[in-house]
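Down below is the structure, laid out as structure tokens.
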Amino acid sequence: MASQLRLRSALALVTGAGGGIGRAVSVRLAAEGAAVAACDLDGAAARETVRLLGGPGSEEGAPCGAHAAFQADVSETRAVRRLLEQVQACFSRPPSVVVSCAGITRDEFLLHMSEDDWDRVIAVNLKGIFLVNQAAAQALVSSGCPGSIINISSIVGKVGNMGQTNYAASKAGVIGLTQTAAREFGRHGIRCNSVLPGFIKTPMIQKVPQKVLDKVTGMIPMGRVGDPEGGLFM
Ligand SMILES: CCCCCCCCCCCCC[C@@H](O)CC(=O)SCCNC(=O)CCNC(=O)[C@H](O)C(C)(C)COP(=O)(O)OP(=O)(O)OC[C@H]1O[C@@H](n2cnc3c(N)ncnc32)[C@H](O)[C@@H]1OP(=O)(O)O
Ligand SMILES: NC(=O)c1ccc[n+]([C@@H]2O[C@H](COP(=O)([O-])OP(=O)(O)OC[C@H]3O[C@@H](n4cnc5c(N)ncnc54)[C@H](O)[C@@H]3O)[C@@H](O)[C@H]2O)c1
């Protein structure tokens, strides 16, 4: 029961909260007592996450309750600034926990990859984390509040993956950004860490050819991909 109250005074901003990992993160944070600001490019998906958390605010334009949904494109500077303003207006404080889950893939071999597919993946997966980290940290520093920022990278950012030069570069960039932000933010009482999952069963991996999934799964000691809820004891 004690763990239920571990985050009772925390306000958590989760981007990509309408997706597989972001929704699971939101559910877990709420279960441990946090108020959740669920943000996604897909506003309806963010509202569905809030509905699952059982909070008011799941309807568009509904008043903020224990949890609230927000629509924003993390790759857009003005959208991210507006997001942090809206979250603070809704909850009267900056988020003390920020989990950056928003991300995309546009897989293709480098020989054939379009510039647009490169640009879009870097914009969402790397620049999006730059914008959210900066806006959240600025809000925390100006209010003198400590915080914890968690950026979702990928094992691909460390070991690479065929068909993902854009994605791998973006996720490697997230690692370097996080390590540097941690050095800069520490003096302000803000922790900054990245997580590097392997394959997790979410909509993101639905486009992966089965022959590739079979290949990679064969290298995973458990013999299966992970699930967003963690499934530690399954
Ligand atoms: C510490 C140990 C690590 C070991 C390495 C593990 C790295 C992989 C783990 C990744 C986990 C995290 C993923 C996570 O961050 C979320 C995602 O990013 S989900 C999306 C992941 N994307 C991919 O894995 C790319 C899959 N490939 C494709 O989508 C297509 O192949 C594509 C690149 C679009 C090209 O399609 P096309 O039709 O042109 O070619 P084929 O699909 O026929 O492929 C040609 C041959 O290449 C082989 N291939 C393709 N991708 C991979 C791959 N990622 N790994 C290994 N082999 C790959 C494919 O099997 C074909 O081989 P063959 O000619 O023998 O049939
Ligand atoms: N699923 C995996 O195997 C895996 C492994 C390692 C890392 N990751 C990373 O975890 C994070 C979450 O991935 P997931 O598996 O839950 O994917 P998902 O596709 O289920 O969810 C991603 C969410 O991000 C949202 N999003 C996309 N672009 C956005 C933007 N510009 N602004 C705001 N929101 C945006 C989508 O609408 C979606 O709801 C991603 O950063 C992904 O790269 C996933």
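Since we're looking at a predicted model, the values are computed, not measured. Positions are given from 1, in the same order as the sequence printed here. When a ligand or atom number is given, it counts from 1 through the structure's own listing order.
- Heavy-atom proximity to Met204, at under 4.0 Å, picks out these atoms of ligand 2: 15 (O), 17 (O), 19 (O), 42 (C), 43 (O), 44 (C).
- For ligand 1, the atoms lying closer than 4.0 Å to a non-hydrogen atom of Asp107 are 20 (C), 21 (C), 22 (N), 23 (C), 25 (C), 34 (C).
- Against a heavy-atom cut-off of under 4.0 Å, Ile205 is close to the following atoms of ligand 1: 19 (S).
- Ser26 is not listed as a side-chain neighbour of Val99, based on a closest heavy-atom distance of 4.5 Å or more.
- The protein heavy atom nearest to atom 8 (C) of ligand 1 is Asn161 OD1, 3.4 Å.
- The closest approach between any non-hydrogen atom of Ala17 and ligand 2 is not below 4.0 Å.
- Counting only heavy atoms of the protein, atom 11 (C) of ligand 1 lies nearest to Phe199 N, 3.4 Å.
- Under 4.0 Å from ligand 2, not a single heavy atom of Lys201 appears.
- Residue contacts with ligand 2, taken as heavy atom pairs separated by less than 4.0 Å, involve Ile205 solely via side-chain atoms from C-beta onward.
- Ranking protein heavy atoms by distance to atom 51 (N) of ligand 1, first place goes to Val212 CG2, 3.7 Å.
- For ligand 2 and Ser154, the ligand atoms under 4.0 Å from any heavy atom of the residue are 6 (C), 7 (C).
- Across the listed options Val25, Val208, Thr202, Thr202 owns the non-hydrogen atom lying nearest to atom 14 (P) of ligand 2.
- Close contacts between ligand 2 and Ala72 involve ligand atoms 32 (N), 33 (C) [criterion: under 4.0 Å to a heavy atom].
- Proximity of atom 32 (C) of ligand 1 to the protein is not indicated, since no non-hydrogen protein atom lies closer than 4.0 angstrom.
- Residue Ser75 has no N or O atom closer than 3.5 Å to an N or O atom of ligand 2.
- In this structure a side-chain-to-backbone donor-acceptor pair under 3.5 Å is present from Arg23 to Ala45.
- Residue Lys171 has at least one N or O atom closer than 3.5 Å to an N or O atom of ligand 2.
- The atoms of ligand 2 that sit less than 4.0 Å from any heavy atom of Tyr167 are 7 (C), 8 (N), 9 (C), 42 (C), 43 (O).
- Ligand-side atoms of ligand 2 in range of Cys101: 11 (C), 12 (C), 40 (C), 41 (O), range being under 4.0 angstrom from any heavy atom.
- At the top of the distance list for atom 14 (C) of ligand 1, counting protein heavy atoms only, stands Tyr167 OH, 3.6 Å.
- A distance-only check finds no donor-acceptor pair linking the side chain of Thr105 to the backbone of Asp107 [under 3.5 Å].
- Of all protein heavy atoms, the one closest to atom 18 (O) of ligand 1 is Gln164 NE2, 2.8 Å.
- Counting protein heavy atoms only, atom 35 (C) of ligand 1 is closest to Phe109 CE1, 3.5 Å.
- Taking a 4.0 Å cut-off on heavy atoms, Ile152 registers as neighbouring ligand 2.
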Task: Derivation and outcome, side-chain hydrogen bond (donor to acceptor under 3.5 Å, both in side chains), residues Arg120 and Ser75 - done: CA-CA 9 Å; Arg120 189 62 190 150; Ser75 70; 3.0 Å; yes

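- In this structure, of Gly198, Ala123, Pro203, the residue bringing a heavy atom nearest to atom 4 (C) of ligand 2 is Gly198.
- Only the side chain of Val124 comes within contact range of ligand 2, with a heavy atom under 4.0 Å; no backbone atom does.
- Of all atoms in ligand 1, listed by their number and element, those nearer than 4.0 Å to a heavy atom of Gly163 are 33 (C).
- Neither the backbone nor the side chain of Ser100 has any atom closer than 4.0 Å to an atom of ligand 2 (non-hydrogen atoms only).
- Other residues, nucleotides and ligands contribute over 12 non-hydrogen atoms within 6.0 Å of the CZ atom of Arg93.
- Within ligand 2, counting atoms from 1 as listed, the ones closer than 4.0 Å to a heavy atom of Pro197 are 5 (C), 6 (C), 7 (C).
- Checked against a 3.5 angstrom limit, the closest N/O atoms of Thr105 and ligand 1 fall outside it.
- Atoms CE and CG, on Met113 and Asn166 in that order, are 3.5 Å from each other to the nearest 0.5 Å.
- Taking all atoms of both residues into account, the shortest heavy-atom contact from Lys171 to Ser154 is CG-CB, 3.8 Å.
- Checked by atom type and distance alone, the side chain of Thr217 never pairs as donor or acceptor with a backbone atom of Gly223 at under 3.5 Å.
- For atom 40 (O) of ligand 1, the protein comes within 4.0 Å by at least one heavy atom.
- The shortest N/O to N/O separation between Asp73 and ligand 2 falls below 3.5 Å.
- Between Ile200 and ligand 2, a contact under 3.5 Å exists for at least one N or O pair.
- Between Arg81 and the options Gln134, Glu76, Gln86, a side chain to side chain donor-acceptor pair (under 3.5 Å) holds for only Gln134.
- What sits closest to atom 10 (C) of ligand 1 on the protein, heavy atoms only, is Val156 CG2, 3.6 Å.
- The pair Arg82-Glu85 does not meet the salt-bridge criterion, since no charged nitrogen lies less than 4.0 angstrom from a carboxylate oxygen.
- The side-chain heavy atoms of Asp227 and Ile200, taken from C-beta on, include no pair separated by under 4.5 Å.
- In terms of polar-atom proximity, Ser154 is counted as a contact of ligand 1, with an N or O under 3.5 Å from an N or O of the ligand.
- Residue-environment remark: CD (Gln210) exceeds the threshold of 12 foreign heavy atoms within 6.0 Å.
- Distances from atom 37 (O) of ligand 2 to the heavy atoms of Asp42, Leu41, Asp40 show the closest one on Asp40.
- Side-chain atoms of Leu140 and His188, non-hydrogen and from C-beta on, never get closer than 4.5 Å to each other.
- In terms of protein heavy atoms, atom 56 (C) of ligand 1 is closest to Met162 SD, 3.8 Å.
- Residue contact check for ligand 2: Cys39 places no non-hydrogen atom closer than 4.0 Å to it.
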TODO: Please assess Lys127 against Thr77 for the test side-chain contact (heavy atoms from CB on, under 4.5 Å), listing each intermediate value before the final yes or no.
DONE: CA-CA 9 Å; Lys127 184 181 173 185; Thr77 306; 4.2 Å; yes

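- Counting only non-hydrogen atoms, the option in Pro209, Pro197, Gly226 that gets closest to atom 28 (C) of ligand 1 is Pro209.
- Scanning all heavy atoms of the two residues, the minimum distance from Pro146 to Ser96 falls at O-CB, 3.9 Å.
- With a heavy-atom cut-off of 4.0 Å, Ile104 touches ligand 2 through its side chain alone.
- For ligand 2, the atoms sitting less than 4.0 Å from at least one non-hydrogen atom of Ala102 are 24 (O), 33 (C), 34 (N), 35 (C), 41 (O), numbered in the order shown with element in parentheses.
- Residue-level proximity to ligand 1 for Lys171 is absent, since no heavy atom of it falls below 4.0 angstrom.
- By the criterion of a heavy-atom distance under 4.0 Å, both the backbone and the side chain of Ile21 are placed next to ligand 2.
- The heavy atom nearest to atom 65 (O) of ligand 1, considering only Met219, Lys211, Lys215, is found in Lys215.
- Inside a 4.0 Å radius of atom 2 (C) of ligand 1 there is not any protein heavy atom.
- By the definition of a contact as any protein heavy atom under 4.0 Å away, atom 60 (O) of ligand 1 is in contact.
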